[in-house]
Amino acid sequence: MTAAIRSRPAGLLEKYMIARAQLDYYRSVVVWTEVSAIPPLPVLHAGLAKLISQHAALRSIVIDAENRSPKIGILDEISLDRLVEVDDDDVSLEDYLVRATNVKFDYADHLVPLWKVKLWRSQYVFFICDHAPFDGTSAAIFQRDLLKIVNNHGTTDAIANLRVLFDRSVPPAPEIEQLVKISPPVSYVLSVLGSEFGPSFWPFTSWQSSAKARDPLIWRNYVDVIANQSCKILNFSSQQAGMLLRACRDHGTTLTALLNTVLVVAASKAYPSTGGFDTSIPINARRFCLHDDYKNAMGAYVFQYKEITPAVTDFRWTDVTRFGHALKAGTTYKAGWILGMLKYLFGNISEWMEGKIGKERDNDVEVSNIGTVDFSGITYDDDDDDDDDDDGVEFKVKKIGFTQPHGILNPPLKLNVAGLLGGAVTIVFGYSDEIVGHGKGELIFNEIKHLLEQVSDA
C-alpha cells in the first residue's frame, strides 16, 4: 500500500534513471558540505520540514518501477527520523564518498522519499539522492537552502512530532519535457538511428567519420564492478580557484573546458593508442525552461553535450578555447534531442540497456560541473581566510563537493565539480581500476593534479 496521494507518469529522463537503477547499473548522486559545526538534530529536523514544504521533489517516490510505464508519486506525510543518519566512522573522505554513492534506494518502499541526509564526523552534511527525481544541481540547491533555513533561527523551533504532514494539494514536480521542448526533428532522428543501426555509408550520420578516431575497445560495459570505484579529491582554496577562473577568462574560455582538456591530456598519455575520446558534458537544462520560476527547482533537469575530442598529450590553451567555443555552441535546447530519442525505444529502456553489456561504452570521459553555489548570507570559512567575523551566523560553510557513482553504462573517467561562489572549489575524480586498468586511474589523476596546479599557481 502506498502513502502517495497523487502520481503522474514518469518522464523520459525519469524512465531512463528508473530503469538504470532497477538494473543496479547506477546508484546515488551525492553533494556534501563541510561546515564549521553540524546543526543540532532538533534544529536540523525543523529545517528539513520547512525545506520539504518548499520543494515537491523532496516528497517523491517511484511507483510501478518494474513496469514499462512507471510513475512518480508524492508523499503527503514523512517521518523525518528515517531520513537523517549520524555516522562517525573513522574512514577517509574519499572512502566515505564511495560508500555514499553506493547507497541504493528501494523503490518498493513507498513510505520514504528517495533521499537521505548523513551527518558525518560532526563536520560534514551529505545529501544522498536517487537520480530519478533529482540531479546534481538539485542536491546543491538542497544544501544551500537547508543551511539558509537553519541559520535563520526564527524558523527552526523544534517540532514535537517527527512525522510531518505536508500540503496535500501540491502536485509532483514536473518532468523535464513539461518544461523544455525535447522532441527532435526528423533529420536528427534519422541521423541517430543511422549511427546506431545503419551501415558506415549511411548518409545522415554526421559523426560516423569522427567516431572512428576513438578506440571503442579500450573499455567495455561490465555488470560486476559497480561497487569497485575509487575517488580522488582535489581541493582548491578561494585564491587558487580564483587563479583558475582568471586564467580561463584571460583565454576566453571556461573552467569546464579547462577541466575537460586536462582530463583528455591525461587520458591520452595513459592510452597512447587512441586518436580521441568520446566526451560527455551534462548540461543544466533549467536555463531552457519555459517558466522562469524553475531556475531553483529540484528535479531531474539535465541535458548532454557530446563530441569526439581529439587525443593530445601536451596541454595547450588553444585546445581549451576550442572546446569552450564548441561547448557554448552546443549548449542550447537542442542538447535535449538526445534525451528525446528515448521515446523511440517505446518503453523498452531496460532491454536496450541490458543489450549494451559486453559492448563498447557510449562515452569515454565526462566533466560534470554543477557550478558555484551562492550561500548568500552565510559566511564562508575558507582555509585561507583569517577573518573570524561571522556576522552572527552560526553555521559556516568551508567547502561543497559533488560526486556520483561509477555506473555500468557511464564514462569510466569522470571529473565532478562544485564550488562556493567566491570561495573554494572541489573536484572529485572517479574511476574503477577494473575498467580503466590497474594503476592508470592514479596516473591520470596525478597528471590532472599537476596540470591544474600549474595553472592555479601561475
Side-chain angles (χ1 to χ4, degrees), residues 1-30 52 55-79 82-83 100-117 127-136 138-139 142 166 170-179 182 221 223-224 226-227 282 297-302 339-357 362 404-410:
M1 182 175 180
T2 177
I5 55 175
R6 284 165 312 284
S7 66
R8 61 161 174 79
L12 286 174
L13 181 58
E14 292 163 339
K15 288 179 180 177
Y16 176 91
M17 301 300 185
I18 292 168
R20 189 171 62 172
Q22 280 287 94
L23 292 170
D24 201 19
Y25 287 4
Y26 189 98
R27 294 186 182 170
S28 292
V29 174
V30 178
I52 294 169
H55 294 281
L58 290 173
R59 295 159 60 185
S60 294
I61 60 172
V62 171
I63 302 171
D64 297 332
E66 69 283 358
N67 296 338
R68 291 186 178 181
S69 300
K71 301 180 182 68
I72 298 295
I74 185 169
L75 295 169
D76 65 339
E77 57 182 89
I78 293 174
S79 294
R82 294 192 63 183
L83 296 175
T101 59
N102 273 317
V103 168
K104 182 174 174 57
F105 290 91
D106 182 6
Y107 289 156
D109 187 349
H110 291 158
L111 299 177
V112 185
L114 299 169
W115 59 273
K116 65 174 56 182
V117 170
F127 178 71
I128 304 169
C129 60
D130 185 86
H131 210 334
F134 302 102
D135 55 17
S138 299
F142 178 95
F166 296 96
V170 175
E175 63 270 37
I176 192 170
E177 52 262 52
Q178 293 299 313
L179 305 177
I182 63 172
N221 297 309
V223 297
D224 58 346
I226 189 166
M298 291 187 190
Y301 304 135
V302 63
L339 171 60
M341 288 297 298
L342 288 175
K343 69 181 180 181
Y344 293 103
L345 293 175
F346 304 105
N348 297 314
I349 297 179
S350 291
E351 294 86 343
W352 172 68
M353 288 182 178
E354 290 178 297
K356 290 179 173 288
I357 299 303
D362 293 332
Q404 56 183 312
H406 168 67
I408 299 301
L409 304 179
N410 295 73

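Predicted, not measured: the structure shown is a model, and the values here were computed from it.
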Applying side-chain contact (heavy atoms from CB on, under 4.5 Å), can you list everything that pairs with Gln22, at least two apart in sequence or on another chain?
Ile18, Ala65, Glu66, Tyr107

So CE of Met353 and CG of Leu345: to nearest 0.5 Å the spacing works out to 9.0 Å

Not counting sequence neighbours, which residues clear side-chain contact (heavy atoms from CB on, under 4.5 Å) with Arg82? List them please.
Ser79, Asp109, Leu111, Val112

Residues which pass side-chain contact (heavy atoms from CB on, under 4.5 Å) with Ser60, listed by chain and number, not counting sequence neighbours:
Ala57, Ile72, Pro133

What distance separates Leu409 CG from Lys356 NZ, expressed to the nearest 0.5 Å?
7.0 Å

Rounding to 0.5 Å, atoms CD (Glu351) and CZ (Phe346) come to a distance of 13.5 Å

With sequence neighbours excluded, tell me which residues meet side chain to side chain donor-acceptor pair (under 3.5 Å) with Asn67.
none

Ignoring hydrogens, what is the shortest heavy-atom contact between Tyr301 and Ala173? Give both atom names and the distance.
OH-CB, 4.1 Å

Between the side chain of His110 and the main-chain N/O of Val62, is any donor-acceptor distance below 3.5 Å?
yes

Side chain to side chain donor-acceptor pair (under 3.5 Å) partners of Glu354, counting only residues at least two apart
none

What pair of heavy atoms forms the shortest contact from Leu12 to Glu177, and how long is it?
N-OE2, 2.8 Å

State which residues pass ring pair (Phe, Tyr, Trp, His ring centres under 6.0 Å) with Phe127; sequence neighbours excluded, sorted by chain then number.
Trp115, Phe134, Phe142

Side chains of Met298 and Leu58 in contact at under 4.5 Å (non-hydrogen atoms):
yes

Contacts of Lys104 that satisfy salt bridge (Lys or Arg N to Asp or Glu O under 4.0 Å) - sequence neighbours left out:
Asp24

Interatomic distance, CG@Asn102 vs CZ@Arg27, rounded to 0.5 Å, equals 5.0 Å

Heavy-atom side-chain proximity of Met17 to Tyr26 below 4.5 angstrom
no

Nearest-0.5 Å distance, CG of residue Leu342 to CD1 of residue Ile349
5.0 Å

Nearest heavy-atom neighbours spanning Ile74 and Pro171
CD1-O, 3.6 Å

Heavy-atom side-chain proximity of Cys129 to Leu114 below 4.5 angstrom
no

Hey, could you give me each pair passing salt bridge (Lys or Arg N to Asp or Glu O under 4.0 Å) that has a residue in residues 12-22? Not counting sequence neighbours.
Arg8-Glu14

Shortest non-hydrogen contact from Val29 to Pro405?
N-CD, 4.5 Å

Check Phe166 against Arg59 and note the closest heavy-atom contact, atom names and distance.
CB-CZ, 3.5 Å

Rounding to 0.5 Å, atoms CD1 (Ile182) and CD (Glu175) come to a distance of 9.0 Å

Using the side-chain contact (heavy atoms from CB on, under 4.5 Å) criterion, which residues pair with Ser28? Sequence neighbours excluded.
Val103, Phe105, Ile128

Restricting to non-hydrogen atoms, name the atom on Ala56 and the atom on Val170 that form the minimum distance, rounded to 0.1 Å.
CB-CG1, 3.9 Å

Set of salt bridge (Lys or Arg N to Asp or Glu O under 4.0 Å) partners for Asp130, sequence neighbours left out
none

